[in-house]
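Read the structure below first, then the notes.
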Number of protein chains: 2
Amino acid sequence: MMWRIDPGGDEPLYAQLVTQVRLAVAHGELRPGERLPAARELAASLDLNMHTVLRAYQLLRDDGVVELRRGRGAMVAARQPADLTAVERAIADLVDAARRAHLSTETTTTLVKEAMHR
Amino acid sequence: MMWRIDPGGDEPLYAQLVTQVRLAVAHGELRPGERLPAARELAASLDLNMHTVLRAYQLLRDDGVVELRRGRGAMVAARQPADLTAVERAIADLVDAARRAHLSTETTTTLVKEAMHR
DNA sequence: AGCTTGTTCTAGTAGTCGTAGAACAAATAT
DNA sequence: ATATTTGTTCTACGACTACTAGAACAAGCT
């Protein structure tokens, strides 16, 4: 749970938190059913407002990454992709090809997003 | 030059334009040296403000996609990735793997961005 | 009963987004 | 040379978002 939030970054604080939790879940650092820190608690430790943390949690809930219940807290959703080895290999290949083509990160992710949306 | 901008979208107008130009260049619809519409002209045809178009153009310039000179206009930068076939195949494989793993578009692009930044 | 935790509400400040108009400078066209 | 085109820079305004803050509330746990 060693997340870092950069208040001076170009990305909104809640979006940074969404990204970090998303990656932690995808990489298996947080497992299905595992409990996340309470919003007030995490807000205190990251020096954020509770509402900012809850906004991130609610976006992650809308995305099916976590489940939220009052009194109980936030936990990683039960249904998570099990096997990501094929995805990880595909990403490694893509990064390699993009590097060789001198493609920027922005253009690469734009192309991926376009391809996913079809 | 049939770009569409959605004023009601969640993404800022200038960002939508950046994406469309970026894709057009990456897909070879706009070739190096080719001239883009003048900011005032494109603004009129897309029903945007000139400043909004120029903001997109300037971001693309900062990214090395286009070159801007007053009096002359905007043109696609000389140096562009030549061969994207390997990238496109890698993206197709990635999309396939992500679909099979029931991975969301957001998580997939987050993972790609993370991998590119290393 | 008491505590924890997400939910919802109002509210205020700061910044971004988009529009608008104007003046200006470099490149081009006549 | 002169006029036109085009990006650059400046100020300005209304609308919206981001973030913080405090409070009251409801569901779950101890």
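Just so you know, these numbers come straight off a predicted model, no measurement behind them. Letters A, B, ... are given to chains in the order of the sequence lines, protein chains preceding strands, and every chain is numbered from 1.
- Each of dT5(C), dG18(C), dG7(D) was ranked by its minimum atom distance to the side chain of Ala38(A); first place goes to dT5(C).
- Salt bridge present: Asp63(A) and Arg22(A) bring a charged side-chain N and a carboxylate O closer than 4.0 Å.
- Rounded to whole angstrom, the span from the CG atom of Leu46(A) across to the P atom of dA18(D) amounts to 19 Å.
- Gln58(A) comes within 4.0 angstrom of the backbone, heavy atoms only, and of no base.
- In this structure, Asp47(B) and Ile5(B) have side chains that are not in contact, with every pair of non-hydrogen atoms separated by 4.5 Å or more.
- The nucleotide whose nearest atom lies closest to any side-chain atom of Arg40(B) is, among dT7(C), dG7(D), dC19(D), dG7(D).
- Looking at heavy-atom distances under 4.0 Å, Leu68(A) makes contact with sugar-phosphate atoms alone, never a base.
- Considering only side-chain atoms of Thr52(B), the nucleotide from dG6(C), dT19(C), dC19(D) that sits closest is dT19(C).
- Going from atom CD of Glu41(B) over to atom P of dG7(D) covers 9 Å, rounded to whole Å.
- What separates CG of Asp47(B) from P of dG18(C) is a distance of 13 Å, to the nearest Å.
- In this entry the distance linking CZ of Arg61(B) with C1' of dT6(D) reads 14 Å, nearest Å.
- A donor-acceptor contact under 3.5 angstrom links the side chains of Ser104(B) and Thr107(B), judged on distance only.
- Between Arg69(A) and the phosphate of dT4(C), there is no side-chain N or O to OP1/OP2 separation shorter than 4.0 Å.
- Under a hydrophobic clustering in which Ile, Leu, Val, Met, Phe, Trp and Tyr are joined whenever their side-chain heavy atoms come within less than 4.5 Å, directly or via other members, Leu59(A) and Leu103(B) fall into different clusters.
- Taking atom CG of residue Asn49(B) and atom P of nucleotide dC17(C), one finds them 14 Å apart after rounding to whole Å.
- You won't find any donor-acceptor pair under 3.5 Å spanning the side chain of Arg72(B) and the base of dG7(D), going by distance alone.
- Rounded to whole Å, the distance from CG on Leu48(A) to P on dA21(D) is 10 Å.
- A straight line from CG of Leu59(A) to P of dG6(C) spans 15 Å, rounded to a whole angstrom.
- One can find a donor-acceptor pair under 3.5 Å joining the base of dG21(C) and the side-chain atoms of His51(B).
- If you check distances only, the side chain of Arg55(B) never reaches the base of dG18(C) with a donor-acceptor pair under 3.5 Å.
- For Tyr57(A), the listed nucleotide lying nearest its side chain is dG6(C); candidates were dG6(C), dT19(C), dG7(D).
- Between Asp93(B) and Arg89(B), none of the side-chain N atoms (NZ, or NE/NH1/NH2) sits under 4.0 Å from a carboxylate O, so this pair counts as no salt bridge.
- The distance from atom CG of Leu54(B) to atom C1' of dG21(C) is 14 Å, rounded to the nearest whole Å.
- Picking from dG7(D), dG6(C), dC19(D) the nucleotide with the shortest atom distance to the side chain of Leu13(A) gives dC19(D).
- Here the side chain of Met50(B) is nearest to one of dT19(C), dA23(D), dA22(C), namely dA22(C).
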